[in-house]
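Have a look at the structure below before the remarks.
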Amino acid sequence: MNVKPILTNKQLKPYLLKARYGVEKESQRVTKAGDLVATDYPKTLGNRSFHPYIQTDFAETQMELVTPITDSITELFDWLAAIHDTAYRSMDSEEMLWPMSMPPALPEVEENIVIAKLDNFEDVLYRRFLAMSYGRRKQMVSGIHFNFEFDDEMVRKMFELQDEYKNYHQFKSEVYLKVTRNYLHYRWFATYFFAASPLSGPHYFNGHERPEEPVRSIRNSKYGYQNHDDVKVTYRSVEEYVADIQQMVEEGKLSEEKEFYAPVRLRGGKSVADLANKPVRYIELRNIDLDPYQPYGISKEEVEFFHIFMLFLLWTDEKAEADEWVFQGDQLNELVSLESPLSQTACYDEAQKLLAEIRSFVAQTGLNVSTEILDHLEEMLEDPAKTLAGRIYLASKETSQKELAVQQGLSYYRKAWQAPYQLAGFTDMELSTQIFLFDAIQKGLQVEVLDRQDQFLKLTAQDHTEYVKNGNMTSKDTYITPLMMENKTVTKKLLQRAGFKVPQGKEFTDKKAAYSSYEEFRDKGIVVKPKSTNYGLGITVFKDGTNEKDYIKAIDTAFAEDSSVLVEEFLAGTEYRFFVVGDQVKAVLLRVPANVSGDGKHSIKELVDRKNDDPLRGENHRTPLEKIHLGQSEQFVLQEQGYQIDSIPNKGETIYLRDNSNVSTGGDSIDMTDAFTDDYKQIAVEVAQTLGAAICGIDMIITDINLPASSSDVYGIIEANFNPMMHMHCYPFEGKGRRLTMDILKLLYPDFIQRKDR
């Protein structure tokens, strides 16, 4: 198959750098001291048999992290980051992931390596067979499986531009067969640069034949995890490939199809037999060592190289018959794998030639890629000490391989726990959505981010699909319910008619009409707020009345947020947020308005700056608390108290900067769930039911929580929120965190989540 004229066709250029990617990464769970753990698979992850992202490989300690298929390298690493965060924070807090392919010190007695304790007994039997056939020690080696699929439009366009094949499915399979044969021949090239297993760990060989260490890659050599020598499969055609694997199974040389551990596998269906009727859809590269210098075991640069390399392998011609070409590659890879990591490779001339050919290919096809990748490869070719294996060996000589692994592993452990409220890879999304994503990934729901900016997710468990926006807007609420809650006038009318106490007031759509009503409100405690906005924006509170100048400023501030403004009576008391899920209140929060505490030395502005230095405070709902601002609303409040932003309050004096208590405007959150009796919680549930809401936040003013809710004028409902923030309940400023995101998942998937929790 000569595709050079096709790949240089201008019609193909838009598709060459498009592809689909996936990674399966194996890692051993170890203690922070670098010793193999004795614990079982984390219970917080539920049943691994159903988990799409976090599974177990051979041993109970061997965690396998699986990304979904992604359309970009950026997206691939977002998912790698998120799944790693979830895995780390689901394990015991004293455990971490071993960052190297070669395992940590193994038990002297091989039988003490614990096979994965899976529900499906057939899966356990399969692992027992592997233990008997290959030994448990070899199963403990870990690595990266990299799944690569050319852009389908590229392959279709190639098919249209050629005349050798009449059947598209056959053509597509031949494309992947050619790449596979060339990869098997040239995989020594990747082994030289990216191999990362120069040294074995204690008790890996345990008296058996072993290489003279150090080498470039124990894992990729005959001493790694490979099939027995009598397992032979051809890559001449898909039909013969399938027939050979099936024959190996029939003859007992393989127990199952999945025992075929080639460096590359053709993939197209659930089983190898499916390839007889379906085209090859992608290929799985299985010979990539874990890079201990990368938090996820592989770098973006390496993935970018493999994409270029796959295109080059499609471009370049094979120079021998299929099986001979592959056999030559096996010999070359064994040679390179067992070379000293600091020695110049025997394949140096061939490597130089290949690099030159890849550069020529990039130039002829006009690939828009950085030459830094190829420059870096040339540096490593000239100086083997700069290769991954060389770096690991030199670093291990200074201390030990274990110390290197522990040092790197701890750095990734600390990174995962640095901000446990965030989800790496998705930190641009609102914090409530990040926490919701974490819980969904942890419990094993399949997640698709449909729109990152709009916080729109698709969740699937078995055949049950749900769509979720902002972490708590779901199918459980009707379309009209959030519209009713968004409109504060409608909300107030409905609740008042249902017998709930709500603040009285007036609605204005015209500034002049609002201005002229000042005399009506001048001596009353009032709240001026936009009709249909959230997060406390545009709200001004006058507890004891106000002058006309400040009243007009408050009207202007509210109209800046909405075309309609409400002026309502101020209800005296303390404001609490009740979070309702289904027919229960799951959390109650006291929100203290933005404030600072004086020290007699610093100005209010300086105190605000110091408080904002707290790493828990950020902006745009990406942290548990929001930074305090000193805008027009805050300066109104200070002015009412006789302060300016440069005033220096006395030591111990609390200065409030807002009258509204929203966390989104810099307030502090205090969990009060256990302090409330059921009568107040029931009122919140009934308010939600009146509005037809399954998930909402009810803001209630209460004069004294020790008085029963039935007491006269003890409470008032000031607002219902259709998209209430959850992160302030999950990570309050003070008190017990309430995992509301998990409550939402249980509401959406009651049977699935309960089964996973068992």
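In this text, all values refer to a predicted model and were calculated from it rather than measured experimentally. Hydrogens, waters and symmetry mates play no part in the numbers below; they use all other heavy atoms, side chains included. Residue numbers count from 1 along this sequence.
The nearest pair of heavy atoms linking Ile683 to Tyr715 is CD1-CE2, 3.7 Å. Taking all atoms of both residues into account, the shortest heavy-atom contact from Pro593 to Tyr656 is O-CD2, 3.9 Å. Of all non-hydrogen atoms in Val608 and Ile628, the two that sit nearest each other are CG1-O, 3.6 Å. Val580 and Ala688 make their closest contact through CG1-CB, 4.0 Å (heavy atoms, listed as atom of the first residue, atom of the second, distance). Scanning both residues, Ala82 and Leu423, for their nearest heavy atoms gives O-CD1, 3.6 Å. In terms of heavy atoms, Tyr680 sits closest to Ile705 at CE1-O, 3.9 Å.
Using a 4.0 Å cut-off between charged side-chain N and carboxylate O, Lys524 and Glu569 make no salt bridge. Taking a cutoff of 4.0 Å between a charged side-chain nitrogen and a carboxylate oxygen, Lys488 and Glu568 do not qualify as a salt bridge. Ion pairing between a basic and an acidic side chain is recognised when a charged N comes within 4.0 Å of a carboxylate O; Arg89 and Asp85 show such pairing. Looking at Lys506 and Glu520, a side-chain N of the basic residue comes within less than 4.0 Å of a carboxylate O on the acidic one, giving a salt bridge. Look at Arg610 and Asp599 and you find a salt bridge, because one of the NZ, NE, NH1 or NH2 atoms lies within 4.0 Å of a carboxylate O, short of that distance. Salt bridge absent: Lys736 and Asp674 never bring a charged side-chain N and a carboxylate O closer than 4.0 Å. In summary, Arg738 and Asp743 do not engage in a salt bridge, as defined by a charged side-chain N under 4.0 Å from a carboxylate O.
Remark: side-chain polar atoms of Asp92 are paired, donor with acceptor, to backbone N or O of Glu94 under 3.5 angstrom. Looking at Tyr518, its side chain does come within 3.5 Å of a backbone N or O of Thr546 through a donor-acceptor pair. The backbone N or O of Pro708 sits less than 3.5 Å from a side-chain atom of Ser711, completing a donor-acceptor pair. For the pair Tyr551 (side chain) and Phe542 (backbone), a donor-acceptor distance under 3.5 Å is absent. No donor-acceptor pair under 3.5 Å is formed between the side chain of Thr654 and the backbone N or O of Ser597. No side-chain donor-acceptor contact under 3.5 Å links Asn472 to the backbone of Asn723. Side-chain atoms of Thr665 do not come within 3.5 Å of backbone N or O of Leu537 as any donor-acceptor pair. A donor-acceptor contact shorter than 3.5 Å links the side chain of Ser669 to the backbone of Phe733. A donor-acceptor pair under 3.5 Å links the side-chain atoms of Gln455 to the main chain of Glu430, judged by distance alone. With Ser432 contributing its side chain and His727 its backbone, the two residues share a donor-acceptor pair below 3.5 Å.
A donor and an acceptor atom, one from each side chain of Glu466 and Thr474, are nowhere located under 3.5 Å apart. Side-chain contact, Ser90 with Gln442: a donor N or O sits under 3.5 Å from an acceptor N or O.
Using a 4.5 Å heavy-atom cutoff, the side chains of Ile435 and Leu740 are not in contact. Two residues are said to be in side-chain contact when any heavy atoms from C-beta on lie closer than 4.5 Å; Pro649 and Leu607 meet this criterion. For the pair Leu437/Gln434, no side-chain contact is recorded, criterion being any heavy-atom separation below 4.5 Å from C-beta on. At least one side-chain heavy atom of Phe636 sits less than 4.5 Å from a side-chain heavy atom of Lys553. Val592 places a side-chain heavy atom less than 4.5 Å from the side chain of Ile670. You'll find the side chain of Val502 stays beyond 4.5 Å of the side chain of Lys493, heavy atoms only. In this structure the side chain of Lys415 never reaches within 4.5 angstrom of the side chain of Tyr88, judged on heavy atoms. Using a 4.5 Å cut-off on side-chain heavy atoms (C-beta onward), Phe722 and Asp477 make no contact.
Few gaps surround CG on Asp451; more than 12 heavy atoms of other groups in view lie less than 6.0 Å from it. Open room surrounds CD on Gln453; 12 or fewer heavy atoms of other groups in view lie less than 6.0 Å from it. Within 6.0 Å of NZ in Lys501 there are more than 12 heavy atoms belonging to other residues, nucleotides or ligands.
Distance CG/Leu745 to CZ/Phe752: 10.0 Å, rounded to 0.5 Å. The structure places CD1 of Ile73 at 12.0 Å from CG of Asp78, a figure rounded to the nearest 0.5 Å. In this structure, CG in Leu589 is found 8.0 Å from CZ in Arg577, a value given to the nearest 0.5 Å. We find the OG-NZ distance between Ser475 and Lys469 to be 15.0 Å, quoted to the nearest 0.5 Å. Atom NZ of Lys492 sits about 8.5 Å away from atom CD of Glu507, to the nearest 0.5 Å. With rounding to the nearest 0.5 angstrom, the NZ atom of Lys586 is 7.0 Å from the NZ atom of Lys746.
Applying the side chain to side chain donor-acceptor pair (under 3.5 Å) rule to Thr86 yields no partners; only residues at least two apart in sequence or on another chain are considered.
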Test log, rule side chain to side chain contact (heavy atoms under 4.5 Å, CB included), inputs Gln496 and Gln504: CA-CA 10 Å; Gln496 187 173 22; Gln504 301 302 306; 3.1 Å; yes
Evaluation steps, side chain to side chain contact (heavy atoms under 4.5 Å, CB included), between Leu457 and Phe436: CA-CA 10 Å; Leu457 311 177; Phe436 183 84; 3.7 Å; yes
Verdict with supporting geometry, Val541 and Val527, side chain to side chain contact (heavy atoms under 4.5 Å, CB included): CA-CA 5 Å; Val541 179; Val527 178; 4.2 Å; yes
Criterion side chain to side chain contact (heavy atoms under 4.5 Å, CB included) on Lys681 and Thr673, from CA distance to verdict: CA-CA 9 Å; Lys681 295 177 182 178; Thr673 310; 4.1 Å; yes
Criterion salt bridge (charged side-chain N to carboxylate O under 4.0 Å, His left out) on Arg591 and Glu575, from CA distance to verdict: CA-CA 7 Å; Arg591 296 174 297 172; Glu575 180 184 344; 2.5 Å; yes
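The aromatic rings of His51 and Tyr53 sit perpendicular, their planes meeting at an angle over 60°, well past the 30° parallel limit. The aromatic rings of Trp79 and Phe426 sit perpendicular to each other, their planes meeting at more than 60°, with 30° as the lower class boundary. Taking the six-membered ring where the residue is Trp, His729 and Phe579 present perpendicular rings, their angle passing 60° and hence far from 30°. Under the 30°/60° scheme for interplanar angles, the aromatic rings of Tyr296 and Phe77 are found to be tilted. Taking the six-membered ring where the residue is Trp, Tyr576 and Phe578 present perpendicular rings, their angle passing 60° and hence far from 30°.
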